[in-house]
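Positions are given from 1 along the sequence. One-based numbering, in listed order, for ligands and for the atoms of each. Note that the coordinates shown come from a computational prediction; the quantities given were computed from them, not determined experimentally. In what follows, every heavy atom counts, from backbone to side chain, and hydrogens, waters and symmetry copies are set aside.
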Amino acid sequence: MPVVGVPLYLRPRLESPLTSLLDEVPFLHSLVDALGSPLNVLLPERIVENADRFRAVYRDHHLTGRVYYAHKANRSSALVRRLAAADPAGTGVDVASLGELRHALGCGFTPDRIMATGPKDPEFLWLAARVGGTVNIDSCGELEQLADMVTKYDLPRVDVLLRLSAFESPDDSTGVGVRVLSRSSRFGSPVGEVGELLSAVERRRDAVELTGVAYHLDTTALAEKVRALERCVMVMDECRARGLAPRVIDIGGGFGVGYVDDAGQWERYTTALTEAVLGARPPLTWRGHGYGLRNESGTVRGAAALYPAYRPTAGPGYLAELLSMPTPSLGRPPATLLLEHLYDLHVEPGRALVDQCGLSLARVLDVRRTGQGAGEFLVRLGMNAGDVSLEEHGVLVDPILLPRTGGGGESEEDGPVGVHLVGNLCLEADLITRRMVFLPRLPRAGDLLAFANTAGYAMDFHAHHAQRQPVARTVAVVREGDSWRWCLDEEYWPITHPGGHGA
Ligand SMILES: *Cc1c(COP(=O)(O)O)cnc(C)c1O
């Protein structure tokens, strides 16, 4: 058996309907036969379910407010159209570019459900204001620019949130006075300068209406987020003391996704990676890549640049945890603070809202032995590292082997095997994974590998046209009774492809 060491699996976490879709092996093969490799497959019905799960957390805590889908996680039309149709008073969309704003409008979102975030060019700002979307203000300069535009072009008064950053802990009562700054960000205005922003809001009252404050911290650290949330409650008090009447706290996204199913597998893999970096076991990666870890005279240094792929709580569960944690100064959980003040809570999940919403398929083109070491295999796929960018985001999770049916019987190469997955570019660095991936058996040309749960940032975010290799087509699939229907993503409209269960 061509096993390289004991196989170290990182089995993906799979839920319905993704599990049922992966059982449809001939169907998935026929899609790739027709549409080519790579191919992205989306499950629009699941995004609605995910939004409902977030709303269930709101209900549990008696909170009001809106869930905004952070569009940047995926370019798909099907997902956005499905959400627009799902519940007209429900989920909103967070757009971060002129293109995303136009897309959201074209998919049926009304402006009251659209939030414009991130740094904005003038056209984006103008269109958001013109249609009456909410503008999440990134800086004092942007606020002035928007207000000038409203006056100059005779636009309706614009609802704005102020995005804050650089949160610090208040001096603690022990007198030690440790002030932990949240990780620095290119985005938002430092909370320490909020006074200036509020003065600008007051000055430009004819053009903008302050509806609330916001943050988005690119971290999984709950403590940092709970501190930021508490600080936002204090800023809201300051607003009200000045006679402003904001009512929303927007806590951004970053609720995360659990990609790996099993805590033990994750534990074993990360331990083995460290041992391999130290030379205590054979390398687990191409050319000894350490994912940020290195061996300095027998000690591991550096930080693993890995997404915490196994997560006991993620998505809505993470929101529930955040809402229930005691806040550092006021001591009461955020949910209580929000309720007491009758504030709305807005969230902007991207990755978590498209959890389980799709997969990426690639055809196995070639399998060969590497020159180095017996039993090391290179598996070349009909895709490149830009087409499935799990690695780019530090997400380590195994693909699923979907055999081409009717192939040969058992061979001496059956049984678990460690392989390197390489892409279709003429480039040494084009590796789909830099780690050896363990599969239940050696793939054969014509088999498919399915990368599950790629809808969040891993499908089309980094896709490119290098070498004129094809960029993946994207299809939406809908379950109808016992069978599946598919259409190109851009052809998906909720009225013709309603989906849902037993449609
Ligand atoms: C990227 C982004 C999000 C979504 O983040 P996820 O980690 O995908 O949940 C939400 N809000 C803003 C402002 C963002 O930039």
Side-chain angles (χ1 to χ4, degrees), residues 47 50-51 53-54 57 65-76 79-80 83 91-101 104 113-120 124-125 128 133-139 142 160-167 182-189 212-222 224-225 228-229 232 248-259 307-309 311 313-322 345-358 389-390 392-395 453-462:
I47 196 172
N50 290 344
R53 290 183 192 194
F54 271 96
V57 177
R66 183 164 271 152
V67 178
Y68 289 85
Y69 164 48
H71 190 335
K72 76 168 186 275
N74 198 297
R75 292 189 217 171
S76 159
L79 294 177
V80 178
L83 270 185
T91 318
V93 62
D94 155 7
V95 292
S97 69
L98 177 64
E100 286 183 359
L101 172 57
R113 297 163 69 192
I114 296 178
M115 166 101 71
T117 64
K120 300 159 200 78
F124 179 26
L125 207 49
T134 296
V135 177
N136 204 318
I137 294 286
D138 199 58
S139 66
E142 191 175 276
V160 297
L161 301 180
L162 302 177
R163 177 165 171 187
L164 305 174
S165 62
F167 295 94
S182 60
R183 159 182 348 225
S184 67
S185 169
R186 290 167 46 204
F187 307 114
S189 310
V213 299
Y215 68 82
H216 167 73
L217 302 178
D218 187 20
T219 171
T220 55
L222 270 170
E224 241 174 80
K225 292 192 178 174
L229 212 167
C232 283
V248 170
I249 296 181
D250 176 348
I251 64 171
F255 301 95
V257 161
Y259 289 94
Y307 187 87
R311 307 193 45 169
T313 47
Y318 183 98
L319 174 63
E321 210 172 304
L322 176 66
L345 175 74
H346 286 357
V347 293
E348 302 164 357
R351 191 187 295 274
L353 216 60
V354 293
D355 181 28
Q356 301 288 323
C357 285
S389 43
L390 290 167
E392 175 78 28
H393 290 257
V395 176
N453 216 355
T454 50
Y457 303 104
M459 255 181 198
D460 53 30
F461 203 92
H462 298 276

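- One N or O on the side chain of Y215 and one on the backbone of K225 form a donor-acceptor pair closer than 3.5 Å.
- The closest donor-acceptor contact from the side chain of H216 to the backbone of G253 lies under 3.5 Å.
- Proximity of a side-chain donor or acceptor of S165 to a complementary backbone N or O of F187 within less than 3.5 Å is detected.
- Residue-to-ligand polar distances place R351 within reach of ligand 1: an N/O pair is separated by less than 3.5 Å.
- Salt-bridge check for K120 with E142: passed, with a basic side-chain N closer than 4.0 Å to an acidic carboxylate O.
- Shortest contact from atom 2 (C) of ligand 1 to any protein heavy atom: K72 NZ, 2.3 Å.
- Protein heavy atom at the shortest distance from atom 8 (O) of ligand 1 is Y457 OH, 2.5 Å.
- Each of D250, D94, T134, N136 was scored for a side chain to side chain donor-acceptor pair (under 3.5 Å) with T117, with one residue passing: D94.
- For atom 11 (N) of ligand 1, the closest non-hydrogen atom on the protein side is E348 OE1, 2.6 Å.
- Contacts of D94 with ligand 1, taken as heavy-atom pairs under 4.0 Å, involve the side chain alone.
- Summary of contacts: the protein heavy atom closest to atom 5 (O) of ligand 1 is H216 CE1, 3.4 Å.
- Between the side chain of N74 and the main chain of G456, no donor-acceptor pair closer than 3.5 Å is present.
- Side-chain atoms of Y457 never come within 3.5 Å of backbone atoms of G350 as a donor-acceptor pair (strictly under, hydrogens ignored).
- The shell of residues lying under 4.0 angstrom from ligand 1, judged by heavy atoms, excludes Y68.
- Near G350, with a cut-off below 4.0 Å to any heavy atom, the atoms of ligand 1 are 4 (C), 6 (P), 8 (O), 9 (O).
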query: Do F255 and L353 pass the side chain to side chain contact (heavy atoms under 4.5 Å, CB included) test, and can you show the C-alpha distance, the side-chain angles, and the key distance before you say yes or no?
result: CA-CA 9 Å; F255 301 95; L353 216 60; over 6 Å; no
- prompt: For Q356 and N453, what are the C-alpha separation, side-chain angles and deciding distance, and is it a side chain to side chain contact (heavy atoms under 4.5 Å, CB included)?
  reply: CA-CA 5 Å; Q356 301 288 323; N453 216 355; 3.5 Å; yes
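- For ligand 1 and R163, the ligand atoms under 4.0 Å from any heavy atom of the residue are 13 (C).
- Here the protein heavy atom with the shortest distance to atom 6 (P) of ligand 1 is G254 N, 3.4 Å.
- Residue-level proximity to ligand 1 for P349 is carried by the backbone, the only part with a heavy atom below 4.0 angstrom.
- Of all atoms in ligand 1, listed by their number and element, those nearer than 4.0 Å to a heavy atom of A70 are 3 (C), 4 (C), 10 (C).
- Using a non-hydrogen distance threshold of 4.0 Å, G118 does not register as a contact of ligand 1.
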